[in-house]
Amino acid sequence: VQLQASGGGLVQAGDSLRLSCVASGGTFSTYNLAWFRQAPENAREIVAAVRWDGGSAFYADSVSGRCIVSRDDARNTVFLWIDSLKPEDTAIYFCAARTSNPNIPDYIPKTRREYNHWGQGTQVTVSS
């Protein structure tokens with residue numbers, strides 16, 4: 001499966017931003033999907049994830065309450081909307097996918113090593 005992320009850019013602190021990631025190939029409706037980010041000299045960290053059926057989502061503490069992850073299976077697209085952006089949100093944002101495990105349908109992967117499909121990343125820069 002190929003993942004193509006877009007929507008990044010230079011924004012002001014306090015602004016909001018919506019990132020998109022379009023998938024091609026594979027069966028999108030079976031994928032658990034996630035957004036990770038990586039700032040310079042930092043490890044890649046999870047931001048948010050949405051379960052294959054859209055029935056549950058996970059948010060990192062750093063964005064909880066100002067972030068929404070959603071999916072549109074008709075458009076093979078996963079979105080990440082972040083409000084009240086801060087300079088510390090500056091990073092390259094990556095979308096990721098992994099086929100769900102039918103034996104554990106309620107599980108949402110949350111670590112980098114659990115995802116085996118990655119997009120190329122989109123830069124988000126938040127100025128103060």
Side-chain angles (χ1 to χ4, degrees):
V1 59
Q2 303 291 324
L3 300 171
Q4 181 72 41
S6 63
L10 174 63
V11 297
Q12 300 285 328
D15 285 352
S16 61
L17 193 67
R18 189 181 79 161
L19 305 180
S20 301
C21 177
V22 180
S24 58
T27 306
F28 188 82
S29 62
T30 67
Y31 295 146
N32 290 310
L33 301 162
W35 288 93
F36 287 75
R37 67 185 181 187
Q38 187 166 13
E41 301 183 359
N42 285 2
R44 192 171 298 188
E45 62 178 10
I46 192 166
V47 178
V50 60
R51 202 169 66 190
W52 62 275
D53 62 352
S56 184
F58 166 82
Y59 297 96
D61 289 344
S62 57
V63 298
S64 182
R66 59 187 184 96
C67 178
I68 297 174
V69 60
S70 63
R71 60 189 296 156
D72 184 343
D73 287 5
R75 297 163 61 186
N76 286 1
T77 303
V78 58
F79 301 99
L80 182 72
W81 177 82
I82 308 179
D83 191 22
S84 303
L85 283 159
K86 308 173 183 179
E88 50 263 44
D89 292 318
T90 295
I92 300 174
Y93 284 71
F94 299 88
C95 55
R98 180 185 176 88
T99 302
S100 58
N101 185 338
N103 295 318
I104 44 172
D106 294 339
Y107 179 68
I108 302 177
K110 303 177 186 63
T111 65
R112 179 179 180 177
R113 65 179 178 86
E114 294 180 284
Y115 288 89
N116 54 354
H117 302 290
W118 292 85
Q120 86 291 357
T122 184
Q123 176 71 49
V124 173
T125 303
V126 184
S127 63
S128 58

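Below, all heavy atoms of this structure are taken into account, side chains as well, without hydrogens, waters or symmetry copies.
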Minimal non-hydrogen separation, [X] against [Y], with atom names:
X      : Y     : result
Asp72  : Phe79 : CB-CE1, 4.0 Å
Asp53  : Gly55 : OD1-N, 2.9 Å
Ala91  : Ala39 : CB-N, 3.8 Å
Leu3   : Ala23 : CD2-CB, 3.5 Å
Gly8   : Leu19 : N-CD2, 3.6 Å
Ser128 : Ala13 : CA-CB, 4.2 Å

Would you kindly confirm whether [X] and [Y] end up in one hydrophobic cluster when ILVMFWY residues are joined by side chain heavy atoms under 4.5 Å apart?
X     : Y     : result
Ile46 : Leu80 : no
Val63 : Phe36 : no
Val22 : Phe94 : no
Ile92 : Val69 : no
Val50 : Val1  : yes

Would you say that more than 12 heavy atoms from the other residues, nucleotides or ligands in this model lie under 6.0 Å from the CD of Glu88, or not?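 Count over threshold, so yes.
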Residues Asp15, Lys86; criterion salt bridge (Lys or Arg N to Asp or Glu O under 4.0 Å); working and verdict: CA-CA 8 Å; Asp15 285 352; Lys86 308 173 183 179; over 6 Å; no
Quick one: does [X]'s side chain get under 4.5 Å of [Y]'s, heavy atoms only?
X      : Y     : value
Tyr115 : Leu33 : no
Val78  : Trp35 : yes
Ser62  : Arg37 : yes
Gln38  : Glu45 : no
Gln123 : Thr90 : yes
Arg71  : Arg51 : no
Cys67  : Trp81 : no
Thr122 : Tyr93 : yes

Distance (rounded to the nearest 0.5 Å) between Tyr107 OH and Ser56 OG: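 One gets 12.0 Å once the value is rounded to the nearest 0.5 Å.
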Verify, without hydrogens or angle tests, whether [X] (side chain) and [Y] (backbone) share a donor-acceptor contact under 3.5 angstrom.
X      : Y     : result
Thr77  : Arg75 : yes
Gln120 : Ala5  : yes
Asn32  : Trp52 : yes
Tyr31  : Ala96 : no
Ser100 : Thr30 : yes
Ser127 : Val11 : yes

Between Glu114 and Arg98 (salt bridge meaning N to carboxylate O under 4.0 Å), is one present in this structure?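 Judged by the 4.0 Å cut-off on N to carboxylate O distance, Glu114 and Arg98 do not form a salt bridge.
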Any carboxylate oxygen within less than 4.0 angstrom of a Lys/Arg side-chain nitrogen, looking at Asp83 and Arg18?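 No, no charged N to carboxylate O under 4.0 Å.
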Residues Gln2, Trp118; criterion side chain to side chain contact (heavy atoms under 4.5 Å, CB included); working and verdict: CA-CA 8 Å; Gln2 303 291 324; Trp118 292 85; over 6 Å; no
